[in-house]
Amino acid sequence: MNRTVLYILLLFWFSEGYLKAEDGGRLWLRAETTATAQVTTNRKSPTITIAVEELKTQWKGAPVQLVLKRDKELLGLKKDGYIISGDKQKGVTVRSASDTGLLYGAYHLLRLQETQNGSDRLQITESPKYDLRLLNHWDNLNGTIERGYAGHSIWKWDELPEKISPRYKEYARANASIGINGTVLNNVNASPAILTSDYLQKVKVVADILRPYGIKVYLSVNFSSPQILGGLPGSDPLEPTVQQWWRDKAGEIYRLIPDFGGFLVKANSEGQPGPQDYGRTHADGANMLADALKPYGGIVMWRAFVYNPGNEDRARQAYMEFMPLDGKFRENVIVQVKNGPVDFQPREPFSPLFGGMEHTALMPELQVTQEYLGFSNHLVFLAPQWKEFFDSDTYCKGEGSTVTKTTDGTLFPHSLNAIAGVANIGQDINWCGHHFAQANWYAFGRLAWNHALTADEIAEEWLRMTFTQQDGFIIPMKQMMLDSWKTAVNYMMPLGLHHIFAWEHHYGPEPWCDIPGARPDWLPRYYHNADEKGIGFDRTIHGSGAVSQYHSPLREQLNDIETCPEDLLLWFHHVPWDYRMKNSRTLWDELCYRYDAGVQQVREFQKIWDRMESYIDKERFSHVQSRLKIQSRDAVWWKDACLLYFQTYSGKPIPYDIERPVHELDNLKKIKLDMKHHN
Ligand code: GCW
């Protein structure tokens, strides 16, 4: 090989021409670890040691000082807040009143470096908007994950406490880098076994690994534990022996894990046991647990996801059950409410409990795992969905009373404020199944820290850290991410349609689904109500009345078909097929165009992605490419299934300028995916 050839090869090697295969295992934390930064601190602790190590090996700028102190400026911030000042070339100081704050400051600096963001001068003040920023794992003790699409659980219960997977630490680090400070390790459909001494030993080991990263461990508990584990005759929360059982259990937990976070409870919901089994209320149940945890500083996150089969509109039920209990919960209870009133649908209005319950701390529960958005096959960036939710105006204290203000302490200063996201993490090498699903984990953490960040900012940060700095990649890919949620809504459930998924697995379309004897509120027809006249759920004051659970003037706006946002039209109204939309199309035509737009958009995504080939490594490129093929086929499947089926009611032609269906309805009806799960 002559010199010139060698030179060209080397040049190629060091330029973007050579792109090492990547499996996605490093997530967004791909900084080179060859730096030799000078880092000094005024204090030592396991957390600060991590901050120092991260900076020493990755920070390519001037010396960094990490200073733990409690000056006036810092006391104005929340505990984990921090201030970064100085100059990247001359010297940087990170100050915080907590060790974790310093760790977050370190990750902030590295993020600036890895996104090539901003000037050399640094003057940054950060303070988290929510105090508790939690992931919820729906991981079962046998290693399976409810609604998990990235392989088995990362928690290897059968190997613990002896064997420790390297993933625990990587998990802790990834979460700390985005500010997540708590995790619920097990499914809300909780096995009582998690509270046995054997399991608590295992939990302790995990807690010890997560602790230096500022992450507390919480557990989901089964309300019948005293009966099932303790052999008591029942688990009535007002029964002294039951209360004692929980107090003893709390004592046992805190002896092992002194900073244990608390309990998450799904009670009297979808067949889970709860206080109502004994004629008691949610408040009775939550308060009993809260009293047991109180001496140790633990909290109870009590879920409001409740609904029963019957004549009452499912969307109204959580509000009806919880509103009368407003103000009846202990200070260390926080009620955890899903973003929407039904169940993590592609698009929902916000739950009226936000802005409804004023005397009880409420925390939003978002779903990071894509149960209703194409699993880990579809590229759907969720930050825009969450932003829509955060920014929704509840009007509870007049205009501008956004969901965030009702939950982050701005409008109602409760002693707790928190947010949870149902994790999309599994054993897959790339953690989340789809490389782009990592962006949702990332976005959840970033928004939990600061819900004022825009989806655009988050997408850009994530792309720069996860893939490349090149604009040729960043600009089109960011746009694609930002468009992706709207796109999925279009090809799945536009205009406020919801829950027309296939039975059990929630992956494909089955608007026709009819299982004899099934709970009506688990069947699509309950939600779409298609008939010869029209389609949609009448939740106006002439229908189920769900609109009345919202404050004025939103209530009136939603109630009136002319002022209801079209994106939620079929959520709140049963609309005639030939109703005129704002763009003067009929509802039927608009529905067709929306489905078609979704399909066309995914095709566009494929084209954009294929042009990205030269920017990134082959491995990730091909992986995403093949997932987009699935998404594209699925989009057509959704469109054909829904339009052909609804056409049997509307009796109208699919507008002639859009793509014709390529499936026969009868064949689509025969598709039965082999994915077992209850609805
Ligand atoms: O959306 C439904 C899911 C269930 C889940 C439940 C819940 C954990 O389909 O799998 O159970 O919500 O949030 O409790």
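Atoms within a ligand are numbered from 1 in the order they appear, just like the ligands themselves.
Atom numbering of ligand 1 starts at 1 in the shown order; those under 4.0 Å from a heavy atom of Asn189 are 8 (C), 11 (O). Per-residue contacts place Asp343 under 4.0 angstrom from the following atoms of ligand 1 (heavy atoms of the residue considered): 1 (O), 2 (C), 12 (O). Of all atoms in ligand 1, numbered sequentially from 1 with element shown, those under 4.0 Å from a heavy atom of Arg147 are 3 (C), 4 (C), 9 (O), 10 (O). Listed by atom number, the atoms of ligand 1 under 4.0 Å from Lys338 heavy atoms are 1 (O), 2 (C), 6 (C), 7 (C), 12 (O), 13 (O). Numbered from 1 in the order shown, with element, the atoms of ligand 1 that lie under 4.0 Å from a heavy atom of Glu146 read 4 (C), 5 (C), 8 (C), 10 (O), 11 (O). Using a 4.0 Å cut-off to heavy atoms of His506, the atoms of ligand 1 that qualify are 9 (O).
Just one residue in the list Arg525, Lys670, Lys672 forms a salt bridge (charged side-chain N to carboxylate O under 4.0 Å, His left out) with Glu510, and that residue is Lys672. The ring-ring contact (aromatic ring centres under 6.0 Å, His included) test with Trp638 singles out one residue from Tyr595, Phe501, Tyr491, and that residue is Phe501. Applying the side chain to side chain contact (heavy atoms under 4.5 Å, CB included) test between Phe305 and each of Gln272, Glu270, Gln317 identifies Glu270 as the sole match.
Contacts between Trp138 and ligand 1 below 4.0 angstrom, taking non-hydrogen atoms only, involve the side chain exclusively. Using a 4.0 Å cut-off between heavy atoms, Asn187 contacts ligand 1 through its side chain alone, with no backbone atom that close. At a heavy-atom distance under 4.0 Å, only side-chain atoms of Tyr372, from C-beta outward, approach ligand 1.
A salt bridge links Glu388 and Arg347; the closest N-O separation between the charged side-chain nitrogens and carboxylate oxygens is under 4.0 Å.
Proximity of the aromatic rings of His498 and Phe344 is defined here by a centroid distance below 6.0 angstrom, and this criterion is not met. Side-chain rings of His528 and His499 stay apart, their centers remaining 6.0 Å or farther from each other. Between Trp246 and Phe263, the gap from one ring centroid to the other is short of 6.0 Å. Trp449 has its ring centre no less than 6.0 Å from the ring centre of Tyr130.
Look at Phe305 and you'll find a heavy atom under 4.0 Å from some atom of ligand 1.
Comparing Gln336, Gln272, Glu270 against atom 6 (C) of ligand 1, the shortest heavy-atom distance belongs to Glu270. Considering only non-hydrogen atoms, atom 13 (O) of ligand 1 lies nearest to Arg303 out of Arg303, Glu371, Gln367, His505.
Residue contacts with ligand 1: Glu365 is placed with no nitrogen or oxygen under 3.5 Å of a nitrogen or oxygen of the ligand (distance criterion only).
A cation-pi contact, defined as under 6.0 Å to the ring centre and within 45° of the axis, links Arg314 to Tyr307.
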